[in-house]
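To start, the structure itself, in structure tokens.
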Amino acid sequence: MTARLALPALAATLVLGLLAPPATATPRTAPAVGPPTPHTKVALAEGYGGAVATVDLDATRAGIDVLRRGGNAMDAAIAAAATLGVTEPYSAGPAGGGFIVYYDAKRKKVTTIDGRETAPAAMTETSLQEDGKPIPFDEAVTSGLSAGVPGTIAQWELALRRYGTFSLKRALQPAIKVAERGFVVDQTFHDMTAQNADRFADFTSTAELFLPGGAPPAVGSVFRNPDLAATYRELGRRGTSWLYGGRLGEEIVATVQNPPVAPGADRKVRPGLMTLDDLRAYRAVERPPVKVAYRGMDVYGMAPPSSGGSTVGEALNILESLPQIGLHEYLEASRLAFADRNAYVGDADTVDVPLAELLSDAFAKERACLIGSVAMPHPAAPGEPDGDYEPCPAARPGAETPPAAEGPETSHLVTADRWGNVAAYTITIESTGGNGIVVPGRGFLLNNELTDFTFGPAPGDPNLPGPGKRPRSSMAPTIVVDDGRPILAVGSPGGSTIITTVLQILINRYEFGMSLPRAVAAPRATQRNTAATLAEPAFLEAYGDALRARGHVLEPTEEIGAVTALELLDRGRIRAVAEPTRRGGGSAAVLIRRNAD
Ligand code: GLY
């Protein structure tokens with residue numbers, strides 16, 4: 001029998017005391033109808049008619065403007081994402097990829113749009129190796145070799161055609177305006193530029209755009225990107241074939257194959273394998289979501305090639321089969337789900353992924369049985385999702401897997417509209433700053449998504465590279481549906497910590513009874529079948545001693561994730577939530593603001 005860490009009482013006292021989210025923008029007692037477009041960044045907004053939450057004020061405003069002009073949640077999601085390509089160019093942009101989970105109110109169904117990058121046709125299982133060893137990760141990060149065939153523009157086109165009401169050209173207009181007019185550089189943008197300055201300086205095109213005068217733009221200065229405005233305008237005018245086989249595609253391929261290395265740069269830059277045929281062959285794909293039943297609700301997430309939906313889903317299933325759920329159980333369920341993710345999940349179009357078994361209640365019960373009152377030995381072994389389950393198998397020894405990369409990269413946004421449609425959209429160019437290489441004169445960075453593959457040698461690993469294959473992702477845009485009605489949407493950046501962040505928020509909300517803003521603000525920890533659980537300082541302070549007493553090894557990390565979420569309340573009321581402080585705080589807005597009365 002597992003003992004519950006005193007939650008929610010402890011969580012309520014400590015979490016709420018330490019990390020109370022900011023007050024709403026107007027007094028609680030004075031219902032206020034605010035302007036349709038927000039002018040300042042707030043992390044919490046409540047009201048009606050639609051909502052948007054992103055990490056960035058300009059992107060949120062773009063989404064709200066689209067809703068105000070009659071666009072739906074998909075139109076708003078694409079407009080906001082395109083704007084993030086301007087204001088968050090180190091996490092988003094036209095040469096990246098991502099996943100949309102979408103509740104379509106008319107059809108009353110959840111669907112997903114996969115815009116994941118693909119490996120070029122010339123890529124093989126050993127392309128990320130040299131002399132039988134993995135190439136150095138740092139070298140792969142800043143290279144043409146790691147650039148995947150971009151999926152974002154094809155994804156936007158498909159998403160708008162199937163579920164939107166705007167054309168791509170129209171959806172790009174807010175982003176074009178921001179790129180032309182410019183945005184005010186904040187501390188996060190400055191710091192991300194500064195962290196990347198060494199490698200940005202090694203490429204002429206990147207230095208020219210992001211290091212004006214040879215240095216990161218100053219906080220408070222206005223940053224314009226007329227090249228990106230022109231790129232978006234031409235994409236709107238010429239259509240996506242301009243990229244997928246046309247002139248823009250040729251320029252991307254030329255940049256990948258022959259990166260514009262600055263004279264005197266002392267860096268080995270491996271060229272890439274991408275060709276124009278790879279771009280011609282690229283397709284965004286509409287896929288069924290992953291679904292698990294949890295506490296009488298349905299939790300929908302992203303199917304492979306993302307491991308987001310299956311890993312969050314498996315962990316929820318494991319937790320649901322335990323008699324009690326506290327933070328200890330959260331960490332252990334996550335540890336087990338990651339062992340299975342690492343062993344079994346890859347691009348299901350090219351490898352067999354036992355998805356139904358991974359998400360079955362019987363498998364979850366078998367896995368849950370391994371959770372005792374103290375932390376299990378590291379590493380946990382993967383289970384056997386083969387349909388043949390024992391009530392309580394003996395724990396097998398696991399094999400060490402290389403630590404998963406985690407960082408602040410990627411961006412997540414949520415939108416909802418007056419018709420009841422909801423989008424959860426995670427967009428990325430992989431590392432913060434992608435592969436560090438701007439396509440000359442086009443205003444955007446290339447992704448380095450192919451570093452999400454297992455480099456190998458790793459016989460049998462489902463995530464080894466292959467021709468046309470999509471690297472396994474951790475992106476976990478998630479929509480919760482109750483009684484056929486969407487009630488919550490959530491997601492986060494953060495590499496493989498995305499999965500634990502989404503999981504922890506669902507647990508905070510539905511197990512520990514926190515409000516959504518509190519669930520988002522609460523301190524986080526992430527256990528991904530690693531020897532140590534990484535935890536934010538406030539988490540360590542609040543729960544560290546209790547968890548160490550139960551055998552957990554905890555290590556501090558500054559910050560985990562940068563969530564946006566929304567909740568659909570009664571009578572059409574929507575609560576949009578962004579981070580109050582992480583990554584500089586995000587921006588939540590509703591179309592018609594009305595505070596709690
Ligand atoms: N590149 C981040 C992810 O796909 O999880």
Side-chain angles (χ1 to χ4, degrees), residues 55 81 84-85 88-93 95-101 112-119 128 137 140-143 145-152 155 192 284-285 287 290 301-312 334 337-338 341-342 345-348 353 401-413 424-436 445-455 462-463 465 469-478 490-503 526 528-530 560-563 583:
V55 297
L84 287 175
E88 286 263 304
Y90 307 143
S91 301
F99 299 105
I100 303 170
V101 176
T112 76
I113 309 281
D114 168 356
R116 186 65 162 171
E117 299 91 332
T118 55
L128 299 175
F137 191 75
V141 162
T142 307
S143 74
L145 186 60
S146 60
V149 180
T152 291
Q155 181 189 35
M192 286 183 170
V285 187
R287 299 183 189 277
V290 158
M302 195 63 223
S306 185
S307 59
S310 64
T311 314
V312 169
S334 175
F338 261 89
R341 165 209 187 256
N342 296 345
V345 184
D347 178 359
V353 178
T401 48
E406 57 102 8
E409 61 264 7
T410 306
S411 203
H412 179 76
L413 64 95
Y425 182 10
T426 314
I427 186 167
T428 188
I429 59 171
E430 172 46 18
S431 298
T432 303
N435 74 352
L445 285 154
L446 293 170
N447 72 79
N448 58 355
E449 214 70 55
L450 305 186
T451 58
D452 274 353
F453 280 124
T454 304
F455 285 23
N463 190 38
K469 192 169 172 180
R470 293 169 193 236
R472 178 175 62 211
S473 170
S474 298
M475 289 187 268
T478 301
V490 62
S492 178
S496 55
T497 68
I498 292 172
I499 291 168
T500 56
T501 294
V502 167
L503 180 62
T526 178
R528 291 157 291 147
N529 203 18
T530 46
I560 300 171
V563 168
R583 200 154 143 176

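Since the structure is predicted, the reported quantities are computational estimates derived from the model, not experimental observations. For ligands, and for the atoms within them, numbers begin at 1 and follow the listed sequence.
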Are a donor atom and an acceptor atom from the side chains of [X] and [Y] found within less than 3.5 Å of each other?
{"X": "Ser306", "Y": "Arg287", "answer": "no"}
{"X": "Arg341", "Y": "Thr311", "answer": "no"}
{"X": "Ser474", "Y": "Ser496", "answer": "no"}
{"X": "Thr426", "Y": "His412", "answer": "yes"}
{"X": "Ser146", "Y": "Asn435", "answer": "no"}

Which protein heavy atom lies closest to [atom], and at what distance to 0.1 Å?
{"atom": "atom 2 (C) of ligand 1", "value": "Glu430 OE1, 3.3 Å"}
{"atom": "atom 4 (O) of ligand 1", "value": "Ser473 OG, 2.6 Å"}
{"atom": "atom 5 (O) of ligand 1", "value": "Ser474 N, 2.7 Å"}

Counting each atom of ligand 1 from 1 as listed, which ones have a heavy atom of [X] under 4.0 Å away?
{"X": "Glu449", "result": "1 (N), 2 (C), 4 (O)"}
{"X": "Asp452", "result": "1 (N), 2 (C), 3 (C), 4 (O)"}
{"X": "Met475", "result": "3 (C), 4 (O), 5 (O)"}

At a 4.0 Å cut-off, with the gap strictly under it, does some heavy atom of Arg116 reach an atom of ligand 1?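 Yes, Arg116 has a heavy atom closer than 4.0 Å to ligand 1.
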Going by side-chain hydrogen bond (donor to acceptor under 3.5 Å, both in side chains), Arg470 matches just one of Asp114, Asp347, Asn463. Which one?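 Of Asp114, Asp347, Asn463, side-chain hydrogen bond (donor to acceptor under 3.5 Å, both in side chains) with Arg470 is met by Asp114 alone.
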